[in-house]
Amino acid sequence: GESVGLHLPTLSVQEGDNSIINCAYSNSASDYFIWYKQESGKGPQFIIDIRSNMDKRQGQRVTVLLNKTVKHLSLQIAATQPGDSAVYFCAEKLDFGNEKLTFGTGTRLTIIP
Amino acid sequence: ETGVTQSPTHLIKTRGQQVTLRCSSQSGHNTVSWYQQALGQGPQFIFQYYREEENGRGNFPPRFSGLQFPNYSSELNVNALELDDSALYLCASSLDRGGEAFFGQGTRLTVV
């Protein structure tokens, strides 16, 4: 597959360890946030979302934390697996019904076997 | 897989030419959004089509235009191609204007 990006922030994590990916979002008026995973040669894939009236949401092996005070979002992945290697993007919307997603720059996560 | 298909997967064009990219939305979805993803960056919103009408546009010049057809498939047209138009073009379909976006695999456009 082809590379999604060559100059992204990178994070390398040992297989089985937990990883934390951070994101600073741009608009204090944003109400809805999503984390996407993008594997090489593919489009972004939805992982988990959170609305601004929450500060934490858990999914299967993933947790998203939202700190509106400092406009910060994080994605925690538990017990990482080789298939978690990808580029991860946070995205924001003004509200759930808005048409426009604004993406961050992304972080490349590499899982070391 | 998301059920959103894009064609072609790769394309090489010369500066000044015109290009048309195509997207078939997931069954039942009436909304299609287009994004441009330059190398090393996150996707940037170009525009959205809902039931054949443009419903929101990002910061792209008028030479980027689109269409949505009665079956909700969509086209992205770019005129007078520039070198900086080289990017991965992503299409996403959703059940409604603000619904969860399901992305296709993208079309890699190279302008030389």
Side-chain angles (χ1 to χ4, degrees), chain A residues 1-10 21-27 30-52 57 59 64 73 75 83 86-109, chain B residues 1-6 9-10 21 23-26 30-51 53-60 66 68 86-110:
Chain A
E2 57 188 288
S3 173
V4 170
L6 299 178
H7 304 292
L8 298 167
T10 58
I21 300 170
N22 296 302
C23 172
Y25 63 91
S26 58
N27 191 342
S30 290
D31 179 58
Y32 179 61
F33 305 89
I34 309 166
W35 278 100
Y36 285 93
K37 173 186 180 182
Q38 188 172 24
E39 297 174 277
S40 188
K42 296 185 179 180
Q45 176 189 0
F46 174 95
I47 302 173
I48 191 168
D49 60 358
I50 189 169
R51 297 202 182 194
S52 63
R57 189 159 188 237
V64 55
L73 205 60
L75 176 70
V87 177
Y88 289 81
F89 292 97
C90 66
E92 60 188 289
K93 276 191 181 185
L94 283 178
D95 55 65
F96 179 77
N98 193 271
E99 72 279 4
K100 178 182 174 182
L101 281 165
T102 300
F103 284 81
T105 52
T107 297
R108 180 183 299 283
L109 175 65
Chain B
E1 300 303 322
T2 63
V4 179
T5 57
Q6 293 186 242
T9 54
H10 294 81
L21 310 182
C23 172
S24 292
S25 57
Q26 187 171 332
N30 59 20
T31 303
V32 171
S33 303
W34 286 93
Y35 289 80
Q36 180 195 66
Q37 186 176 24
L39 203 59
Q41 298 181 22
Q44 282 197 292
F45 177 75
I46 303 175
F47 43 55
Q48 183 185 80
Y49 278 84
Y50 168 69
R51 294 189 175 186
E53 301 261 336
E54 187 179 289
N55 177 59
R57 188 180 181 93
N59 189 25
F60 281 82
Q68 188 177 31
S86 294
L88 181 69
Y89 287 85
L90 294 161
C91 163
S93 77
S94 53
L95 266 175
D96 206 338
R97 285 164 288 186
E100 180 183 336
F102 293 83
F103 285 85
Q105 84 284 1
T107 294
R108 170 66 66 187
L109 172 65
T110 303

Contact winner vs chain B - A:Gly104, A:Pro44, A:Gly106, heavy-atom pairs under 4.5 Å: A:Pro44
Choice from A:Thr102, A:Leu101, A:Thr105 maximising heavy atom contacts with chain B below 4.5 Å: A:Leu101
Minimum heavy-atom distance B:Tyr35-A:Lys100, with the two atoms named: OH-C, 4.3 Å
ring-ring contact (aromatic ring centres under 6.0 Å, His included) partners for A:Tyr36, two or more places apart: A:Phe103, B:Phe103
Portion of B:Ala101 that has a non-hydrogen atom of chain A nearer than 4.5 angstrom: both
Residue that, paired with A:Glu99, satisfies side chain to side chain contact (heavy atoms under 4.5 Å, CB included) out of B:Tyr49, B:Phe45, B:Tyr50: B:Phe45
Best-contacting candidate, B:Pro43, B:Gly106, B:Ser94, B:Gly56, against chain A by heavy atom pairs under 4.5 angstrom: B:Pro43
